Amino acid sequence: MANRKLGDATLERIWATIEDIPPGRVANYGQVAELAGLPRGARLVCYALRVVPEERRIPWFRVINAQGRIAIAKDSPGYKEQAERLRAEGVVVNGGRVDMRKFRWEPDLDELLWKPSVSWDQS
DNA sequence: CCATTGACCGGCT
DNA sequence: TAGCCGGCCAATG
């Protein structure tokens with residue numbers, strides 16, 4: 001991979017973070033960067049997505065921009081695919097936009113909802 | 001040090 | 001609501 005601007009460790013953290021986004025929810029670039037330990041590194045996420053190997057099937061379609069819109073060009077094939085795959089798991093997409101208030105991934109909240117046992121009884 | 005790259009972000013017309 | 005603009009970061013040559 002000669003045309004890579006990011007190191008393996010960085011790419012790995014970004015990809016892993018994206019893999020953590022649960023089905024039916026979306027995250028924006030800045031959020032993924034932040035969770036990956038790269039504050040304000042939204043553009044690094046763009047790059048990471050661009051070079052992600054085909055065999056590694058990460059849920060790239062769950063990543064949209066901070067305005068709640070699909071980031072790929074509307075006339076590209078990927079745009080349609082992203083919308084379809086999101087709808088397939090229950091995310092409502094209208095004119096390329098998603099209501100972030102309803103579908104934004106909130107890691108902390110999900111922890112509480114899906115893994116109630118993790119810890120509010122231990123300190 | 002400078003330029004380059006990326007499916008961005010936030011503030012401001 | 002829609003653009004424009006400057007800023008943003010990691011890594012490379």
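Everything numeric here is computed off the predicted structure, so don't read it as measured data. Only heavy atoms go into these numbers, but all of them, side chains included; no hydrogens, no water, no symmetry mates. Every chain is numbered from 1, with letters handed out A, B, ... down the list of sequences.
- Of all non-hydrogen atoms in A/Met100 and A/Asn65, the two that sit nearest each other are CE-O, 4.4 Å.
- Nucleotides of DNA chain B nearest to A/Ala66 and A/Tyr47 differ in position, and the one nearer the 5' end is that of A/Tyr47.
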Pull out every protein N or O sitting under 3.5 Å from an N or O of nucleotides 5-9 of chain C, one pair per line with the distance.
| unit_1 | atom_1 | unit_2 | atom_2 | d |
| --- | --- | --- | --- | --- |
| C/dG7 | O6 | A/Arg43 | NH1 | 3.1 |
| C/dC9 | OP1 | A/Arg40 | NE | 3.1 |
| C/dC9 | OP1 | A/Arg40 | NH2 | 3.3 |

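- Judged by distance alone, the side chain of A/Trp105 and the main-chain N or O of A/Pro22 form no donor-acceptor pair under 3.5 Å.
- Shown here for A/Ala73 and A/Tyr79, the closest heavy-atom pair between the two residues is O-CB, 3.3 Å.
- Residue A/Arg97 comes nearest to A/Arg69 through the heavy atom pair NE-CD, 3.5 Å, listed as atom of the first residue, atom of the second, then distance.
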Hey, can you pull the donor-acceptor pairs under 3.5 Å for the side chains in residues 40-47 of chain A, sequence neighbours left out?
| unit_1 | atom_1 | unit_2 | atom_2 | d |
| --- | --- | --- | --- | --- |
| A/Tyr47 | OH | A/Asn3 | O | 3.3 |

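- A/Gln82 meets the side chain to side chain donor-acceptor pair (under 3.5 Å) test with no other residue; sequence neighbours excluded.
- Note: CG (A/Leu49) to P (C/dA10) measures 17 Å, nearest angstrom.
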N/O donor to acceptor pairs below 3.5 angstrom from side-chain atoms of residues 55-62 of chain A, sequence neighbours left out:
| unit_1 | atom_1 | unit_2 | atom_2 | d |
| --- | --- | --- | --- | --- |
| A/Arg56 | NE | A/Glu19 | OE2 | 3.1 |
| A/Arg56 | NH1 | A/Glu12 | OE1 | 2.9 |
| A/Arg56 | NH2 | A/Glu12 | OE2 | 3.1 |
| A/Arg56 | NH2 | A/Glu19 | OE1 | 3.1 |
| A/Arg56 | NH2 | A/Glu19 | OE2 | 3.4 |
| A/Arg62 | NE | A/Glu89 | OE2 | 2.8 |
| A/Arg62 | NH1 | A/Ile21 | O | 2.9 |
| A/Arg62 | NH2 | A/Glu89 | OE1 | 3.0 |

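- Listed in residue order, the members of residues 27-37 of chain A having a heavy atom less than 4.0 Å from DNA chain B are A/Asn28, A/Tyr29, A/Gly30.
- A/Phe103 approaches A/Val98 most closely through the heavy-atom pair CD1-CG1, 3.7 Å.
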Next on the checklist: Walk me through whether A/Asn28 and A/Arg104 qualify under side-chain contact (heavy atoms from CB on, under 4.5 Å).
Outcome noted: CA-CA 8 Å; A/Asn28 60 55; A/Arg104 174 173 156 69; 3.6 Å; yes
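- The nucleotide range of DNA chain B contacted by chain A, defined by atoms under 4.0 angstrom from heavy atoms of the protein and reported 5' to 3', is B/dT4 to B/dG10.
- Each of A/Ile72, A/Val32, A/Ile18, A/Ile14 was checked for a side chain to side chain contact (heavy atoms under 4.5 Å, CB included) with A/Leu49, and the lone residue meeting it is A/Ile18.
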